[in-house]
Amino acid sequence: MNVSITVNGTVIKEEIEPDLLLIDFLRSHGMKSVKRGCDTSNCGACTVWLDEKPVLSCGILAARCDGRSVTTLEGVRDRAREFGAFLADEAAEQCGYCSPGLIMTTIALLSENPDPTPEETKEYLANNLCRCSGYEGQMRGIQRYIAWKKEQGGKA
């Protein structure tokens, strides 16, 4: 089956197998930030944006993305680096395996709601699991990032 998927602004046209998962499609095209964590759509390590909304790429067929836009961490590198520094300052990246998915989900949250409460943040990030941290450092990093963006006169 032929698909045409825009990945980080670049159109990729390719013949694929009908059962190819989006995670495998993306990784085969060099998107190494998309991590395989659980293969059950439960951990969030494979989070990407499909038409600007976060989805778990291990749970969606690439064929369902035909004619659509997919964004990975590589496509938001500058925003990710800026926010990621706040996670690092709180030692919240630990091993870093879950960080790309967490960063993608957090940026999506802040695009929808630039000033979420801690409760709203926790609810939005509920599907991003981290095996190394207790989430406190991640929450501190997110809150510090939001405060910093406000000080800069912009939204997160």
Side-chain angles (χ1 to χ4, degrees), residues 5-10 20-62 64-65 68-156:
I5 303 172
T6 302
V7 178
N8 299 327
T10 301
L20 180 68
L21 292 172
L22 180 58
I23 187 172
D24 296 319
F25 177 84
L26 294 170
R27 289 188 61 82
S28 74
H29 288 282
M31 305 304 127
K32 301 302 183 194
S33 70
V34 185
K35 305 294 188 203
R36 174 170 266 112
C38 67
D39 274 335
T40 60
S41 299
N42 285 308
C43 76
C46 66
T47 301
V48 299
W49 299 341
L50 180 61
D51 298 331
E52 301 300 316
K53 297 291 182 192
V55 298
L56 302 172
S57 63
C58 76
I60 188 168
L61 295 173
R64 297 212 45 214
C65 301
R68 299 175 78 183
S69 175
V70 175
T71 305
T72 68
L73 191 72
E74 289 85 356
V76 293
R77 197 174 308 254
D78 290 339
R79 288 165 69 191
R81 188 175 293 122
E82 180 180 83
F83 168 59
F86 284 82
L87 291 177
D89 286 347
E90 294 295 333
E93 79 283 12
Q94 302 278 337
C95 80
Y97 198 81
C98 68
S99 296
L102 174 76
I103 290 170
M104 291 298 291
T105 305
T106 301
I107 292 173
L109 163 65
L110 298 177
S111 293
E112 291 177 26
N113 180 358
D115 195 16
T117 65
E119 292 76 27
E120 290 170 326
T121 301
K122 287 177 186 176
E123 184 177 324
Y124 202 92
L125 297 174
N127 290 330
N128 288 87
L129 304 179
C130 177
R131 291 165 178 89
C132 296
S133 78
Y135 301 103
E136 293 302 317
Q138 293 170 345
M139 288 301 296
R140 283 192 309 270
I142 292 167
Q143 294 306 310
R144 283 188 57 240
Y145 178 67
I146 292 168
W148 177 77
K149 288 300 271 188
K150 284 182 192 176
E151 288 173 10
Q152 302 300 310
K155 63 179 189 175

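For reference, positions follow the sequence shown, starting with 1. Basis for what follows: all heavy atoms, side chains included, without hydrogens, waters or symmetry-related copies.
Residues satisfying the side chain to side chain donor-acceptor pair (under 3.5 Å) criterion with E82, sequence neighbours excluded, are Y145, K149. Partners of Q143 by side-chain contact (heavy atoms from CB on, under 4.5 Å), not counting sequence neighbours, listed by chain and number: P118, T121, M139, I146. Under the salt bridge (Lys or Arg N to Asp or Glu O under 4.0 Å) criterion, E120 pairs with no residue, sequence neighbours left out. By the side-chain contact (heavy atoms from CB on, under 4.5 Å) test, L102 pairs with L87, T106, L125, N128, Q138, sequence neighbours left out. By the salt bridge (Lys or Arg N to Asp or Glu O under 4.0 Å) test, K122 pairs with no residue at all, sequence neighbours left out. Under the side chain to side chain donor-acceptor pair (under 3.5 Å) criterion, D89 pairs with no residue, sequence neighbours left out. Residues satisfying the side chain to side chain donor-acceptor pair (under 3.5 Å) criterion with S99, sequence neighbours excluded, are absent altogether. Checked against salt bridge (Lys or Arg N to Asp or Glu O under 4.0 Å), R144 has the following partners two or more places apart in sequence or in another chain: E90. Residues meeting the side-chain contact (heavy atoms from CB on, under 4.5 Å) test with S41, sequence neighbours left out: L56, C58. Residues satisfying the side chain to side chain donor-acceptor pair (under 3.5 Å) test with N42, not counting sequence neighbours, are T40. Partners of L20 according to the side-chain contact (heavy atoms from CB on, under 4.5 Å) rule, which considers only residues two or more places apart in sequence or in another chain, are I16, D24, F25, A62. Every residue two or more places apart in sequence or in another chain was checked for a salt bridge (Lys or Arg N to Asp or Glu O under 4.0 Å) with R131, and none qualifies.
Here the shortest heavy-atom pairing between Y124 and P54 reads OH-CG, 3.6 Å. For the pair C98 and L129, the tightest heavy-atom approach, listed with the atom from each and the gap, is CB-O, 3.5 Å. Between A92 and G137, the closest heavy-atom pair is CB-C, 3.4 Å. In this structure, M104 and T71 approach most closely via the heavy-atom pair CE-O, 3.4 Å. Nearest heavy-atom pair across T72 and M31 is OG1-SD, 3.6 Å. Residues A45 and Y97 approach most closely at CB-CE2, 4.4 Å, considering heavy atoms.
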Test E52 against E112 for side-chain contact (heavy atoms from CB on, under 4.5 Å), laying out the working first. CA-CA 10 Å; E52 301 300 316; E112 291 177 26; over 6 Å; no
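If you take CZ on R36 and SG on C43, they are separated by 10.5 Å, rounding to the nearest 0.5 Å. One finds the CG atom of N127 at 8.0 Å from the OG1 atom of T47 (value rounded to the nearest 0.5 Å). Here the CD-OG1 distance, from E74 to T10, works out to 11.5 Å after rounding to the nearest 0.5 Å. To the nearest 0.5 Å, atoms CG (L22) and OG (S57) are separated by 5.0 Å.
Other residues, nucleotides and ligands place more than 12 heavy atoms under 6.0 Å from the NZ atom of K32. The number of heavy-atom neighbours closer than 6.0 Å to CZ of R64, taken from other residues, nucleotides and ligands shown, is 12 or below.
The only option from T105, V76, V55 that meets the side-chain contact (heavy atoms from CB on, under 4.5 Å) definition with W49 turns out to be V76.
Put simply, the side chain of P116 reaches to within 4.5 Å of the side chain of L110, judged on heavy atoms.
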